[in-house]
Amino acid sequence: MSRFELPKNLAAKPLAAPRFGLRIGTLLGLVAVLALGFWGVREYFSPLRVWDRAIHNPSTQSKTWIEVEREHVIEGLDAPATLAAVFAAFHDPDPAIRGWAIWCVPSLEADPTVVIDRLSGMLADPDSTIRIKAAEALGQVYKRGGTGRPEALGALKLALKDSEPKVRRAAVGSVGQVIHESGRSSDSLRSGNSNDPALALVVDRLGDDDMAVRVEAAFVLGCNDRGSEAVPFLVKFLKEQPTDAPMSYVANRAFMALTILAVRSEEAVAFLAGELKVKRESYPDRPRDALAWAARQSPEANTAVRRRAREGLKSDDPELQYQSAFLLHSIGQGIEALDILVKASLDDSVETRIRAIEAIADIGEADVRAMNALHAAANDPELEVRARALGALETIELEKRP
């Protein structure tokens with residue numbers, strides 16, 4: 001037998017399989033299972049899956065959406081992937097998720113026309129709160145100098161016909177935002193776009209069945225140097241409001257609309273001047289400040305406000321006299337009301353005396369009556385009044401020094 005040959009008894013027997021060995025098929029199956037498990041773990045912890053779980057968790061939902069809105073991307077994803085994920089959330093069964101997605105999407109880097117197209121589709125959502133959010137978002141996508149104005153206005157035209165008044169109100173506000181972005185003014189209250197054709201959509205809503213929609217339309221028109229025809233119904237609406245309760249949102253909006261309209265409407269100025277006599281929360285400061293703001297916007301408004309304030313100085317009502325004097329001071333004409341301001345510095349109300357001293361201090365040495373009133377107030381029984389008067393006198397003396 002050659003030394004390279006096995007013994008016959010050994011060569012005839014097959015080699016035994018390893019006791020714990022695996023067949024090749026079983027081994028491949030195990031590898032596949034391990035690979036699938038690895039893939040599943042990896043997928044579970046992928047940025048998209050982590051984000052999806054976070055937006056569906058009530059404890060992390062709002063924080064997650066706010067972070068995306070702030071950072072403009074989902075952590076771990078690029079801008080296109082983020083936009084795709086947010087668009088997918090538009091169709092989530094949970095309306096809260098759909099609402100968050102709509103709220104967030106205007107902040108993302110995307111073609112405005114693409115976003116507007118997706119938002120337009122959400123105007124058919126059966127949930128009215130989603131349609132409201134979509135109408136609001138449509139006013140935020142179009143940016144000055146960018147694309148998407150016709151598309152945004154086309155979608156908002158549909159929203160203005162929605163059966164839900166709150167959707168129509170949101171749409172009116174968004175039309176106003178699009179108009180503002182179409183102009184050159186940075187002042188949201190005085191955009192000056194009175195000839196923008198889109199304002200025709202807003203004018204139509206002055207006849208809406210819902211007061212909140214009509215008020216919003218008046219507000220938007222006022223911001224664009226239009227809308228004087230809305231003053232009568234705004235005045236009527238505000239006069240109907242109870243004075244022993246805080247104003248509602250709609251009433252507050254109506255007041256703001258009248259403030260803006262007072263720049264061009266003497267009827268609005270007259271109403272606000274009459275409100276100086278009304279006892280209500282935040283009054284008379286609010287109507288007085290509104291008149292002062294309007295007076296600073298145009299010579300015509302300044303003339304109308306001064307005329308009403310001068311009439312108030314002649315009133316038999318001391319409170320109306322004082323508020324009219326404070327109004328004149330607010331628009332730089334306090335010296336016209338100096339006698340009334342001196343009278344107010346002696347009033348029983350500490351607040352009235354303090355406000356009077358502040359106005360008189362601005363006149364200072366320009367009139368001896370003002371200086372006499374300040375010296376008298378320096379002996380007022382109320383510490384705060386004395387402090388204001390003494391501070392004013394000290395400032396006047398310091399200004400005299402070389």
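Sequential numbering from 1 along the given sequence is applied to the chain's residues. Please read all numbers here as calculations on a predicted model, not as lab measurements.
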Would a distance-only check, ignoring hydrogens and angles, find a side-chain to backbone donor-acceptor pair under 3.5 Å from Asp52 to Leu48?
-> no

Which pair of heavy atoms, one from Ala110 and one from Val115, lies closest together, and at what distance?
-> CB-CG2, 3.7 Å

Heavy atoms, side chains only, cut-off 4.5 Å: are Glu136 and Ile132 in contact?
-> yes

Under 3.5 Å, side chain of Asn193 to main-chain N/O of Ile179, donor-acceptor pair present?
-> yes

Arg308 and Glu311: CA distance, side-chain angles, deciding distance, salt bridge (Lys or Arg N to Asp or Glu O under 4.0 Å) verdict = CA-CA 5 Å; Arg308 292 290 175 176; Glu311 291 175 1; 3.7 Å; yes

Hey, does Arg53 have a side-chain heavy atom less than 4.5 Å from the side chain of Asn57?
-> no

Are any of the side-chain heavy atoms of Val175 and Val220 separated by less than 4.5 Å?
-> no

Check for a donor-acceptor pair, side chain of Arg214 on one end and backbone N or O of Arg205 on the other, with a separation under 3.5 Å.
-> no

When His56 is tested against each of Asp92, Thr64, Asp94 for side chain to side chain donor-acceptor pair (under 3.5 Å), which residue passes?
-> Asp92

Please work out which of the three classes, parallel, tilted or perpendicular, describes the rings of Trp65 and Trp100, given edges at 30° and 60°.
-> parallel

In Å and rounded to the nearest 0.5 Å, what is the CD1 to CD distance from Ile354 to Glu382?
-> 6.5 Å

Apply side-chain contact (heavy atoms from CB on, under 4.5 Å) to Met211 and Phe233, showing your working.
-> CA-CA 10 Å; Met211 178 58 73; Phe233 86 75; 3.9 Å; yes

Calculate, to the nearest 0.5 Å, the distance between atoms CD and CG belonging to Gln140 and Leu119 respectively.
-> 9.5 Å

Between Arg280 and Gln241, is any pair of side-chain heavy atoms under 4.5 Å apart?
-> yes

How long is the span from the CG atom in Leu238 to the OG1 atom in Thr243, to the nearest 0.5 Å?
-> 12.5 Å

Should the pair Arg131-Asp162 be classified as a salt bridge under the 4.0 Å nitrogen-to-oxygen rule?
-> yes

Flag this pair as yes if the NZ/CZ of Arg98 is under 6.0 angstrom from the six-membered ring centre of Phe90 and inside a 45 degree cone about the axis; otherwise no.
-> no

Under 3.5 Å donor-acceptor, Ser120 side chain and Ile116 backbone = yes

Can you find a pair of side-chain heavy atoms, one from Val73 and one from Val68, that are under 4.5 Å apart?
-> no

Contact summary for Ile360 and Ser345, nearest pair of heavy atoms = CD1-CB, 4.1 Å

Verify the neighbour count for atom CG of Asp209: are there more than 12 heavy atoms of other residues, nucleotides or ligands below 6.0 Å?
-> no

Check ion pair Arg355-Asp285 (N to O, under 4.0 angstrom) | yes

Value rounded to 0.5 Å, distance of OG1 in Thr259 from CG in Leu189 = 9.5 Å

Could you please spell out the steps behind the side-chain contact (heavy atoms from CB on, under 4.5 Å) verdict for Leu338 and Val342?
-> CA-CA 6 Å; Leu338 183 53; Val342 171; 4.1 Å; yes

Does the pair Glu67/Lys63 count as a salt bridge with the N-to-O cut at 4.0 Å?
-> no

May I ask you to decide whether Arg306 forms a salt bridge with Glu336, counting only side-chain N to carboxylate O separations under 4.0 Å?
-> yes

Nearest atoms (heavy-atom pairs only) where Ser174 meets Ala135 | OG-O, 2.6 Å

Should Asp210 and Arg169 be marked as a salt bridge (Lys or Arg N to Asp or Glu O under 4.0 Å) after you check the CA-CA gap, both sets of side-chain angles, and the distance that decides it?
-> CA-CA 9 Å; Asp210 186 81; Arg169 184 178 72 186; over 6 Å; no

Does Gln177 reach the main-chain N or O of Gly173 with its side chain, forming a donor-acceptor pair under 3.5 Å?
-> no

State whether Tyr283 and Arg286 meet the cation-pi test: NZ (Lys) or CZ (Arg) under 6.0 Å from the six-membered ring centroid, and within 45° of the perpendicular axis.
-> no

NZ/Lys239: more than 12 non-hydrogen atoms of other groups inside 6.0 Å = no

Salt bridge present between Arg168 and Glu164 (N-O < 4.0 angstrom) = no

Do side-chain atoms of Thr352 reach the backbone of Asp347 as a donor and acceptor pair under 3.5 angstrom?
-> no

Going by heavy atoms in the side chains, are Asn379 and Arg386 under 4.5 Å from each other?
-> no

Under the side-chain hydrogen bond (donor to acceptor under 3.5 Å, both in side chains) criterion, do Asp317 and Ser315 qualify, and how do the steps go?
-> CA-CA 5 Å; Asp317 182 350; Ser315 171; 5.3 Å; no

Return yes if some donor-acceptor pair links the side-chain N/O of Thr113 with the main-chain N/O of Gly148 below 3.5 Å, else return no.
-> no

Take atom CD in Glu109; do more than 12 heavy atoms of anything else shown fall under 6.0 Å from it?
-> no

Where is the tightest heavy-atom contact between Val250 and Ala212, given as atom of each residue plus distance?
-> CG2-CB, 3.7 Å

Measure the CD1-CG distance between Ile102 and Leu138 for me, rounded to the nearest 0.5 Å.
-> 9.0 Å

With no hydrogens and no angle check, is any side-chain donor or acceptor of Ser107 less than 3.5 Å from a backbone partner on Cys104?
-> yes

Taking Glu397 for the side chain and Leu393 for the main chain, is one N or O donor matched with an acceptor at less than 3.5 Å?
-> no

Trace of the side-chain contact (heavy atoms from CB on, under 4.5 Å) decision for Ile396 with Leu374 | CA-CA 11 Å; Ile396 292 169; Leu374 290 175; 3.9 Å; yes

Euclidean distance, Tyr322 OH relative to Ser349 OG, rounded to 0.5 Å = 9.5 Å

Given side-chain hydrogen bond (donor to acceptor under 3.5 Å, both in side chains), test Ser191 with Asn224 step by step and report yes or no.
-> CA-CA 5 Å; Ser191 70; Asn224 291 282; 2.4 Å; yes

If we ignore angles and hydrogens, is there a donor and acceptor under 3.5 Å between the side chains of Ser185 and Asp187?
-> no

Chi angles and distances behind the salt bridge (Lys or Arg N to Asp or Glu O under 4.0 Å) call for Arg253, Glu216 | CA-CA 7 Å; Arg253 200 68 167 166; Glu216 191 64 24; 3.0 Å; yes

Would you say the side-chain atoms of Arg144 pair up with the backbone N or O of Gly183, donor to acceptor, closer than 3.5 Å?
-> yes

Closest approach of Ala309 and Leu327, non-hydrogen atoms and distance?
-> CB-CD2, 3.9 Å

So, for Leu206 and Ala230, which heavy atoms are closest and what is the spacing to 0.1 Å?
-> CD2-CB, 4.1 Å

Kindly indicate whether a cation-pi arrangement holds for Arg288 with Phe326, taking the cut-offs as under 6.0 Å to the six-membered ring centre and within 45° of the axis.
-> no

Electrostatic pair Asp196:Arg149 at N-O distance under 4.0 angstrom | yes

Taking atom CD of Glu240 as the centre, does the number of heavy atoms from other residues, nucleotides or ligands within less than 6.0 Å exceed 12?
-> yes

Go through Arg118 and Val105 one step at a time and tell me if the side-chain contact (heavy atoms from CB on, under 4.5 Å) criterion holds.
-> CA-CA 10 Å; Arg118 294 298 189 101; Val105 78; over 6 Å; no

Do NZ/NE/NH1/NH2 and the carboxylate oxygens of Glu266 and Arg307 come within less than 4.0 Å?
-> yes

